[in-house]
S.K.: 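Sharing a structure with you now.
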Amino acid sequence: MSKRLIESMADLDEDIVLEEVKALKNQGVSALQIIESLQEGMSIVGKRFEEKEYFLSELIMSAEVFNEASQLIGGMKEAGESKNGVFVLGTIYDDIHDIGKNIVTTIMSSNGFEVIDLGVDVPTGKFIEAIKQYKPKVVGISCLLTTCFDNVKACIQAIEDAGLRNDTKILVGGGPVDDAAGKYMRADIVAKNAQNTVDYCKKFVEV
Ligand code: B12
């Protein structure tokens, strides 16, 4: 990881962030490794927000800097040939965070999955409709707010009650979702980053 990139992202120093992303790219560092450092910087932004050193305006600013940096990174190929089946994903209702979900979308597309992105603040009914329509092997639910853990749990329960869980694995992800939260929500797997997501999904597709 790049200490300079982590720190400049945490300090919201856009010029240095962009300069460092360019430098890392020129050194041949992979898009996913650059994103890892940016994600680490975002965690520090989150901590400063919790500690009231940063406020909502800084959170908004962090999203802008991250998006600028992602555009520079490029290299995360857009949709390739979809040979691995369908992956449905969305951010759970009451949650509008979408940076991580969008990265997962791009990486999954470039790894041969047809991604149906339902967007943010997605109600349970929309997940259920999409599962009926697209019959995905894997469904992904993004959740960045601990206050939304119960929404994810309820959504997964509703998918199961609708008889749609037998052929579908459910992956959850997003900063605060750890293994204990995944167990509470009764998800099949918790994915910590986009590469994990690809690895798990490929395994599910193979079985
Ligand atoms: C940027 C940001 C925002 C931006 C979001 C902009 C956007 N377009 O997404 C804005 C300003 C809108 C925002 C708003 C709020 N936020 Co906010 N936000 C963040 C911040 C700083 C970074 C999130 C981020 O983008 N990280 C970078 C990405 C790349 O990482 P990621 O999302 O974790 O994704 C990776 C993995 O988790 C995984 N992944 C993610 N999703 C999925 C899904 C699947 C299916 C899979 C498999 C994998 C996967 O892969 C990704 C790539 O590796 C976090 C801090 C943090 N630690 O996360 C707080 C944070 C999530 N926010 C927080 C809060 C409190 C809020 C607000 C309530 C603030 C307020 N008072 O209004 C609102 C809520 C709005 C709402 N209803 O959703 C808290 C949540 C605390 C908690 N206990 O729940 C955090 C943790 C900050 C903190 N420490 O206090 N926020």
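Computed from a prediction, not measured in an experiment: that's the story for all the values here. Read the numbers this way: they start at 1 and go in the same order the structure lists the ligands and their atoms.
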S.K.: Got a protein heavy atom sitting under 4.0 Å from atom 81 (C) of ligand 1?
M.R.: no
S.K.: Taking distance alone, with no angle check, do G174 and ligand 1 share an N/O pair under 3.5 Å?
M.R.: yes
S.K.: Carefully, step by step, assess N67 and Q71 under the rule side-chain hydrogen bond (donor to acceptor under 3.5 Å, both in side chains).
M.R.: CA-CA 6 Å; N67 284 332; Q71 279 172 24; over 6 Å; no
S.K.: For ligand 1, which part of N196 has a heavy atom less than 4.0 Å away: the side chain, the backbone, both, or neither?
M.R.: neither
S.K.: So does K22 have more than 12 non-hydrogen atoms from other groups sitting under 6.0 Å from NZ?
M.R.: no
S.K.: Tell me, which protein residue and heavy-atom name are nearest atom 70 (C) of ligand 1, and how many Å apart are they?
M.R.: L56 CD1, 3.9 Å
S.K.: Do any N/O atoms on L89 end up under 3.5 angstrom from N/O atoms on ligand 1?
M.R.: no
S.K.: Going by heavy-atom distance to atom 23 (C) of ligand 1, choose the closest among L144, I99, N102.
M.R.: L144
S.K.: Can you check whether D98 has an N/O within less than 3.5 Å of an N/O in ligand 1?
M.R.: yes
S.K.: Atom 88 (C) of ligand 1: which protein heavy atom is closest, and how many Å away?
M.R.: G46 O, 3.3 Å
S.K.: In ligand 1, which numbered atoms sit nearer than 4.0 Å to a non-hydrogen atom of N193?
M.R.: 38 (C), 50 (O), 53 (O)
S.K.: Are V65 and I103 connected in a single hydrophobic cluster, I mean Ile/Leu/Val/Met/Phe/Trp/Tyr linked by side-chain heavy atoms less than 4.5 Å apart?
M.R.: yes
S.K.: Determine whether a donor-acceptor pair (N or O, by modelled atom type, separation under 3.5 Å) exists between the side chain of D95 and the backbone of L144.
M.R.: yes
S.K.: Identify, by atom number and element, the atoms of ligand 1 in contact range of I60, meaning under 4.0 Å from any of its heavy atoms.
M.R.: 11 (C)
S.K.: We want to know whether D150 and Y184 form a side-chain donor-acceptor pair, criterion being a heavy-atom distance below 3.5 angstrom.
M.R.: yes
S.K.: Quick test: of every protein heavy atom, which one is nearest to atom 67 (C) of ligand 1, and how far off is it to 0.1 Å?
M.R.: L145 CD2, 4.6 Å
S.K.: Would you kindly confirm whether V177 and I99 end up in one hydrophobic cluster when ILVMFWY residues are joined by side chain heavy atoms under 4.5 Å apart?
M.R.: no
S.K.: Could you list which atoms of ligand 1 come closer than 4.0 Å to a heavy atom of I103?
M.R.: 29 (C)
S.K.: Starting from atom 12 (C) of ligand 1, locate the nearest protein heavy atom and write down its residue, its atom name and how far away it is, to 0.1 Å.
M.R.: I96 CD1, 4.2 Å
S.K.: Against heavy atoms of L171, which atoms of ligand 1 measure under 4.0 Å?
M.R.: 45 (C), 47 (C)
S.K.: Between T197 and ligand 1, which residue portion shows a heavy-atom distance shorter than 4.0 Å: side chain, backbone, both, or neither?
M.R.: side chain
S.K.: Please check atom 85 (C) of ligand 1 for a protein heavy-atom neighbour under 4.0 Å.
M.R.: no
S.K.: How long is the straight-line distance from CD of E20 back to NZ of K3, given to the nearest 0.5 Å?
M.R.: 11.5 Å
S.K.: For the residue pair L59 and Y54, establish whether any side-chain heavy-atom pair is separated by less than 4.5 Å.
M.R.: no
S.K.: Can you confirm, on distance only, whether ligand 1 has an N/O atom lying under 3.5 Å from any N/O atom belonging to G175?
M.R.: yes
S.K.: Does D121 reach the main-chain N or O of Y93 with its side chain, forming a donor-acceptor pair under 3.5 Å?
M.R.: no
S.K.: Please could you name the atoms of ligand 1 that F66 approaches to less than 4.0 Å, counting only its heavy atoms?
M.R.: 29 (C)
S.K.: When you measure from atom 6 (C) of ligand 1 to the protein, is at least one non-hydrogen atom found at a distance under 4.0 Å?
M.R.: yes
S.K.: Taking 4.0 Å as the limit for heavy-atom contacts, which would you say applies to I35 with ligand 1: side chain only, backbone only, both, or neither?
M.R.: neither
S.K.: What residue and heavy atom of the protein are closest to atom 77 (N) of ligand 1, and at what distance?
M.R.: D94 O, 3.1 Å
S.K.: Say whether, by atom type as modelled, one donor and one acceptor occur between the side chain of S8 and the main chain of L5 under 3.5 angstrom.
M.R.: yes
S.K.: Are any non-hydrogen side-chain atoms of V172 and C143 less than 4.5 angstrom apart?
M.R.: no
S.K.: List every atom of ligand 1 that sits less than 4.0 Å from any heavy atom of A194, numbering the atoms from 1 in the order shown and giving each element.
M.R.: 50 (O), 52 (C), 53 (O)
S.K.: Counting each atom of ligand 1 from 1 as listed, which ones have a heavy atom of D95 under 4.0 Å away?
M.R.: 78 (O)
S.K.: Looking at atom 20 (C) of ligand 1, what's its closest protein heavy atom, distance included?
M.R.: L59 CD2, 4.4 Å
S.K.: Hey, is ligand 1 close enough to S142 that some N/O pair sits below 3.5 Å?
M.R.: yes
S.K.: Hey, is ligand 1 close enough to Q39 that some N/O pair sits below 3.5 Å?
M.R.: yes
S.K.: Measuring from atom 49 (C) of ligand 1, which candidate in G41, G173, S57, S62 has the nearest non-hydrogen atom?
M.R.: G173
S.K.: Can you tell me if CG on N26 sees more than 12 non-hydrogen neighbours from other groups inside 6.0 Å?
M.R.: yes
S.K.: How far is atom 71 (N) of ligand 1 from its nearest protein heavy atom, and which residue and atom name does that atom have?
M.R.: F49 CZ, 4.1 Å
S.K.: Scan the protein's non-hydrogen atoms and note whether one is under 4.0 Å from atom 54 (C) of ligand 1.
M.R.: no
S.K.: Check each atom of ligand 1 against the heavy atoms of G140 and keep those under 4.0 Å away; list them by number with element.
M.R.: 45 (C)
S.K.: Kindly indicate, with the supporting measurements, whether the criterion side chain to side chain contact (heavy atoms under 4.5 Å, CB included) is fulfilled by F113 and K202.
M.R.: CA-CA 9 Å; F113 288 86; K202 284 196 170 159; 4.1 Å; yes
S.K.: Rounded to the nearest 0.5 Å, what separation is found between the CD1 atom of I107 and the SG atom of C201?
M.R.: 12.5 Å
S.K.: Please state which protein non-hydrogen atom is closest to atom 36 (C) of ligand 1 and give its distance, to 0.1 Å?
M.R.: K192 O, 3.3 Å
S.K.: Using a 4.0 Å heavy-atom cut-off, say whether H97 meets ligand 1 through its side chain, its backbone, both or neither.
M.R.: both
S.K.: Is it the case that the side chain of T91 and the backbone of D98 share a donor-acceptor pair, with hydrogens and angles ignored and the cut-off at 3.5 Å?
M.R.: no
S.K.: Quick one: does any side-chain atom of K135 pair with a main-chain N or O of K132 as donor and acceptor, under 3.5 Å?
M.R.: yes
S.K.: Would Q33 and S30 count as a side-chain hydrogen bond (donor to acceptor under 3.5 Å, both in side chains) here? Give the steps.
M.R.: CA-CA 5 Å; Q33 281 173 310; S30 77; 3.3 Å; yes
S.K.: Work out which heavy atom in K192 is nearest to a heavy atom in Q39; give both atom names and the distance.
M.R.: O-NE2, 3.9 Å
